[in-house]
*Asks:* 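Have a look at this one.
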Amino acid sequence: EVQLVESGGGLVQAGGSLRLSCAASGFTFDDYAIGWFRQAPGKEREGVSCINSSDGSTYYADSVKGRFSISSDNAKNTVYLQMNSLKPDDAAVYSCAADRLNFVCATMEPGDFGSWGRGTQVTVSS
């Protein structure tokens with residue numbers, strides 16, 4: 001059974017940083033794409049960043065380029081999202097998702113990802 005567990009969310013002031021973790025189990029980590037998504041109240045879920053565990057290629061939404069960085073530790077089956085220079089608009093529930101098809105990173109469409117974690121809340125105060 002595929003399981004994804006997020007951690008690292010919390011309250012931070014604007015301009016601050018957080019690092020989210022997504023611990024994965026139940027599948028061969030190296031074969032999967034892992035994405036981070038976020039959803040704020042009243043808004044649609046949007047793709048933030050994605051990494052192909054097989055080759056390390058990364059993808060970012062324009063809104064977070066230069067501020068967020070995704071990485072993976074294949075030995076620990078964990079993907080990280082380092083978030084710097086946080087803005088109030090970054091506040092949301094952040095979820096990680098996984099799928100075996102690597103093309104899903106290029107589009108970061110939520111519907112293309114088959115497995116999801118429950119999410120972790122990120123709150124940014126102004």
Side-chain angles (χ1 to χ4, degrees):
E1 179 186 2
V2 174
Q3 288 193 330
L4 301 167
V5 180
E6 303 94 336
S7 61
L11 172 64
V12 64
Q13 286 187 331
S17 299
L18 283 174
R19 188 177 80 156
L20 305 183
S21 299
C22 173
S25 63
F27 60 97
T28 303
F29 191 76
D30 292 358
D31 293 340
Y32 276 67
I34 310 291
W36 281 100
F37 294 81
R38 66 187 182 187
Q39 188 168 21
K43 295 186 177 180
E44 292 188 355
R45 180 176 284 172
E46 64 171 339
V48 174
S49 185
C50 191
I51 186 167
N52 283 321
S53 298
S54 59
D55 62 7
S57 55
T58 58
Y59 302 79
Y60 296 94
D62 288 341
S63 59
V64 305
K65 281 181 181 177
R67 300 188 298 122
F68 290 13
S69 177
I70 192 170
S71 62
S72 68
D73 185 336
N74 288 14
K76 296 182 178 180
N77 283 11
T78 300
V79 170
Y80 304 98
L81 184 68
Q82 178 66 43
M83 306 187 296
N84 299 327
S85 303
L86 282 162
K87 306 174 182 179
D89 284 350
D90 294 318
V93 175
Y94 282 71
S95 302
C96 62
D99 201 89
R100 192 167 185 175
L101 300 175
N102 285 345
F103 80 85
V104 298
C105 269
T107 59
M108 286 194 287
E109 288 291 335
D112 289 336
F113 287 75
S115 301
W116 289 82
R118 292 189 173 184
T120 185
Q121 177 72 50
V122 172
T123 304
V124 184
S125 63
S126 57

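Residue numbers count from 1 along this sequence.
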*Asks:* Show your reasoning for whether side-chain contact (heavy atoms from CB on, under 4.5 Å) applies to F113 and C50.
*Replies:* CA-CA 11 Å; F113 287 75; C50 191; 3.9 Å; yes

*Asks:* How many angstroms lie between atom CZ of F37 and atom CD of E44, to the nearest 0.5 angstrom?
*Replies:*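 One finds 13.0 Å between CZ of F37 and CD of E44.
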
*Asks:* Would you say the side-chain atoms of E6 pair up with the backbone N or O of G119, donor to acceptor, closer than 3.5 Å?
*Replies:*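 Side chain of E6 to backbone of G119: a pair is present.
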
*Asks:* State the CH2-SG distance between W116 and C22, to the nearest 0.5 angstrom.
*Replies:*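 Spacing of CH2 (W116) from SG (C22) equals 10.5 Å.
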
*Asks:* Checking N74 against S72 for the side-chain hydrogen bond (donor to acceptor under 3.5 Å, both in side chains) test, could you report, in this order, the C-alpha distance in whole Å, the side-chain angles of both residues, the deciding distance, and whether it holds?
*Replies:* CA-CA 6 Å; N74 288 14; S72 68; 3.1 Å; yes

*Asks:* Give the minimum heavy-atom separation between S57 and Y59, together with the two atoms involved.
*Replies:*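 What the structure gives for the nearest pair is OG-CE1, 3.9 Å.
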
*Asks:* L20 vs M83, test: side-chain contact (heavy atoms from CB on, under 4.5 Å). Steps then yes/no.
*Replies:* CA-CA 8 Å; L20 305 183; M83 306 187 296; 3.7 Å; yes

*Asks:* Of the non-hydrogen atoms in I34 and S53, which two are nearest, and what is the gap between them?
*Replies:*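 It is CG1-OG, 4.0 Å.
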
*Asks:* Heavy atoms only: give me the nearest C105-N52 pair and the separation to one decimal.
*Replies:*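 So the two residues come closest at SG-OD1, 3.6 Å.
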
*Asks:* Could you grab the distance from atom CG of D89 to atom NZ of K43, nearest 0.5 Å is fine?
*Replies:*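 It is 5.5 Å, given to the nearest 0.5 Å.
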
*Asks:* What is the distance from atom OH of Y80 to atom CH2 of W36, rounded to the nearest 0.5 Å?
*Replies:*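 It is 10.5 Å, given to the nearest 0.5 Å.
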
*Asks:* Considering all heavy atoms of both residues, which atom of T78 and which atom of S21 are nearest to each other, and what is their separation?
*Replies:*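 Smallest heavy-atom distance, with atoms named: CG2-CB, 4.2 Å.
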
*Asks:* Can you run down the salt bridge (charged side-chain N to carboxylate O under 4.0 Å, His left out) pairs that involve residues 62-84, sequence neighbours left out, and say none if there aren't any?
*Replies:*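 Salt bridge (charged side-chain N to carboxylate O under 4.0 Å, His left out) check on residues 62-84 returns D62-K65, R67-D90.
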
*Asks:* Between atom CD of E109 and atom CZ of R45, what is the distance when rounded to the nearest 0.5 Å?
*Replies:*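 Answer rounded to 0.5 Å: 12.0 Å.
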
*Asks:* Examine V122 and V93 and state if one hydrophobic cluster contains both, with Ile, Leu, Val, Met, Phe, Trp and Tyr joined whenever side-chain heavy atoms are less than 4.5 Å apart.
*Replies:*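 No.
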
*Asks:* Is there a donor-acceptor pair closer than 3.5 Å between any side-chain N or O of D99 and the backbone N or O of G114?
*Replies:*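 At least one qualifying donor-acceptor pair exists.
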
*Asks:* Under a 4.5 Å cut-off applied to non-hydrogen side-chain atoms, are L4 and F27 in contact?
*Replies:*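 Heavy-atom side-chain distance check passes, below 4.5 Å.
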
*Asks:* Tell me the closest heavy-atom pair linking I70 and T58, and the distance in Å.
*Replies:*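 Reported closest heavy-atom pair: CG2-CG2, 3.5 Å.
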
*Asks:* Check V64 against V48 and note the closest heavy-atom contact, atom names and distance.
*Replies:*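 What the structure gives for the nearest pair is CG2-O, 3.6 Å.
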
*Asks:* Start with the C-alpha distance between V79 and C96, add both sets of side-chain angles, then the distance that settles side-chain contact (heavy atoms from CB on, under 4.5 Å), and finish with yes or no.
*Replies:* CA-CA 9 Å; V79 170; C96 62; over 6 Å; no

*Asks:* Return the CZ to CZ distance between R38 and F68, rounded to the nearest 0.5 Å.
*Replies:*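 Going from CZ on R38 over to CZ on F68, the span is 5.5 Å.
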
